[in-house]
There are 2 protein chains.
Amino acid sequence: MATGRSHRPATRSRGIPEATVARLPLYLRALTALSERSVPTVSSEELAAAAGVNSAKLRKDFSYLGSYGTRGVGYDVEYLVYQISRELGLTQDWPVVIVGIGNLGAALANYGGFASRGFRVAALLDADTALAGKLVAGLPVRHIDELETIVADSQVSIGVIATPAGAAQEVTDRLVAAGVTSILNFAPTVLSVPDGVDVRKVDLSIELQILAFHEQRKAGDEDRQEPDGDVPAVMPA
Amino acid sequence: MATGRSHRPATRSRGIPEATVARLPLYLRALTALSERSVPTVSSEELAAAAGVNSAKLRKDFSYLGSYGTRGVGYDVEYLVYQISRELGLTQDWPVVIVGIGNLGAALANYGGFASRGFRVAALLDADTALAGKLVAGLPVRHIDELETIVADSQVSIGVIATPAGAAQEVTDRLVAAGVTSILNFAPTVLSVPDGVDVRKVDLSIELQILAFHEQRKAGDEDRQEPDGDVPAVMPA
DNA sequence: CCATCTTTGTGCACGCGTTCACAAAGACAT
DNA sequence: ATGTCTTTGTGAACGCGTGCACAAAGATGG
């Protein structure tokens, strides 16, 4: 029992579980919405509903950050917005380069969610010389060969890859060599990077395939289909 | 409104764990690449490397599908491609509607990974009448009011939402009412849907924020930037 | 046919994440 | 103050996912 509280729950220890980190942006978004409506405080129950999670999970998540709530009242919205922003590192400026200015790259460049969260598009890069100089989201597209210079000059540590799959690994290598240590990959490829470099991937096709799996299951619930049904002529052995 | 139930209905699919389902598309992609190079068989070790996972995990994943390997040899590439495709439901045709034909919607419409995996874009929808009739990826953009007709006529069960956040819930409600039971959401909002409808979300901003967290942690390791600095005047209580 | 070698399939243990359930902490009214 | 009421913070149990390590299965060669 926590009757004799002898030591602090390690507010500052970087022992924040990965699953919790992944939910912090979700909470932050819900809190920002509340903040814009000038709501002063919010209970874990209300906030959890807004974020689409379980309230116990939310409380446990916040407990990793520290004791920022008030029992009987809830959480101070503004205070929590600040604490989560700080924890996520959003109180500082993160220059980002986007490589590959096709449809997707342009969509990313135009995405408003960046600027509002401390992310600043430092440059748009593409291998196509025909694109060079064209304005996308108010920024000129620059040639990929300027990558190294731009990353160094603008202290870019985050790169976004929106190139075709074939170019992704080479671009990654150049970004890493230039000093980038975090990569958000939209290309449908497995990237290999040295230790110390973080890669997160977003894959549209994979998400759809997962949906298809569940969709098939729904449809097949009454249509009990034997898994070893008919198989093409190929069989091992 | 239906309370935003955070559904994680456990893994009672077909006995196939959710985590495994999420990796099957990854294996499928690696296998397809091997197939195109006419590689007849592959070991769990090789395939795992290509997919970027642990080989034991891969073998366990495959074991949920059945015993499709041959000890001492490995897996028959073509056979495995077929089995995974069938398990994911990719041997059938999945008509998809994309709602919101901005930069992102256009990028999705042009994405080649759809058609090659059994997904067929049945229609592109947008609320902007100025877009109506315009060709995107060879398909005419149609007005959102045609949603119900199109979903019904084309037997669409999967919807992709690429609208602004403010429109996402309403579009979702209309899709669901029209019969769609799987939704891929790109809008930065929590969607509430009735039971039986699957939602997967892709959020660019969240991914970047997670990267920022790790990036900050890396930078702060040596640079010990006073984490407990000043807090804005706001304090709870 | 037997020995050896390769690679699968899986039992098992461990660690992380989720959820329950409740005591502690504070607000608020009297 | 004291009691009541609300809501947080968290101990504990549980379940899922991961990875090790190895026996079983089959190929291959002599």
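Below, each value reflects all heavy atoms present in this structure, side chains not excepted, and no hydrogens, waters or symmetry copies. Protein chains get the first letters and strands the later ones, always in sequence-line order, with residue 1 at the start of each.
Residues Ile158(B) and Leu208(A) have side chains in contact (heavy-atom distance under 4.5 Å, counting atoms from C-beta outward). Taking 4.5 Å as the limit, some side-chain heavy atom of Glu18(A) sits within range of a side-chain heavy atom of Ile210(B). Contact check for Pro25(B) versus Phe213(A): no side-chain heavy atoms found under the 4.5 Å cut-off.
The CZ atom of Arg59(B) sits 19 Å away from the P atom of dG17(D) (whole-angstrom rounding). Atom CG in Leu58(A) sits about 8 Å away from atom P in dT8(D), given to the nearest Å. Straight-line distance from the CD atom of Glu45(B) to the P atom of dG9(C): 14 Å, rounded to whole Å. Rounded to whole Å, the distance from CG on Leu80(B) to C1' on dT8(C) is 13 Å. Rounded to an integer number of Å, the gap from Leu65(A) CG to dG9(D) P is 10 Å. At whole-Å resolution of the value, CG in Asp61(A) and P in dG17(C) are 10 Å apart. A straight line from CG of Asn54(B) to P of dG17(D) spans 16 Å, rounded to a whole angstrom.
Of the candidate nucleotides dG9(C), dG17(D), dT7(D), dG17(D) has the atom nearest to the side chain of Pro17(B).
In this structure, the separation between CD on Gln155(A) and CG on Asp93(A) is 11.0 Å, given to the nearest 0.5 Å. Here the CG-CG distance, from Leu184(B) to Leu211(A), works out to 6.0 Å after rounding to the nearest 0.5 Å.
Between Glu18(A) and Val73(A), the residue whose closest nucleotide on DNA chain C is further toward the 5' end is Glu18(A). Both Gly72(A) and Ala56(B) sit near DNA chain C, but only Ala56(B) has its closest nucleotide nearer the 5' end.
For Thr70(B) and dG26(D), the shortest distance from a side-chain N or O to OP1 or OP2 is not below 4.0 Å. In this model, the phosphate group of dT7(D) is not approached by any side-chain N or O of Ser43(A) to a distance below 4.0 Å at OP1 or OP2. Side-chain nitrogen and oxygen atoms of Tyr75(B) include at least one within less than 4.0 Å of the OP1 or OP2 phosphate oxygen of dG9(C).
Within residues 19-30 of chain A, no residue has any heavy atom closer than 4.0 Å to DNA chain D.
Heavy atoms of Phe62(A) sit nowhere under 4.0 angstrom from any nucleic acid atom.
No side-chain donor-acceptor contact under 3.5 Å links Glu36(B) and Thr32(B).
Contact annotation: side chain of Arg71(A) to base of dT8(D), donor-acceptor pair present below 3.5 Å. Between the side chain of Lys60(A) and the base of dT19(C), a donor-acceptor pair under 3.5 Å is found. Remark: the Lys57(B) side chain and the dG17(D) base include no donor-acceptor N/O pair separated by less than 3.5 Å.
A ring-ring contact (aromatic ring centres under 6.0 Å, His included) with Tyr68(B) is found for one member of Tyr79(B), Tyr82(B), Phe62(B), Tyr75(B) and no other, namely Tyr79(B).
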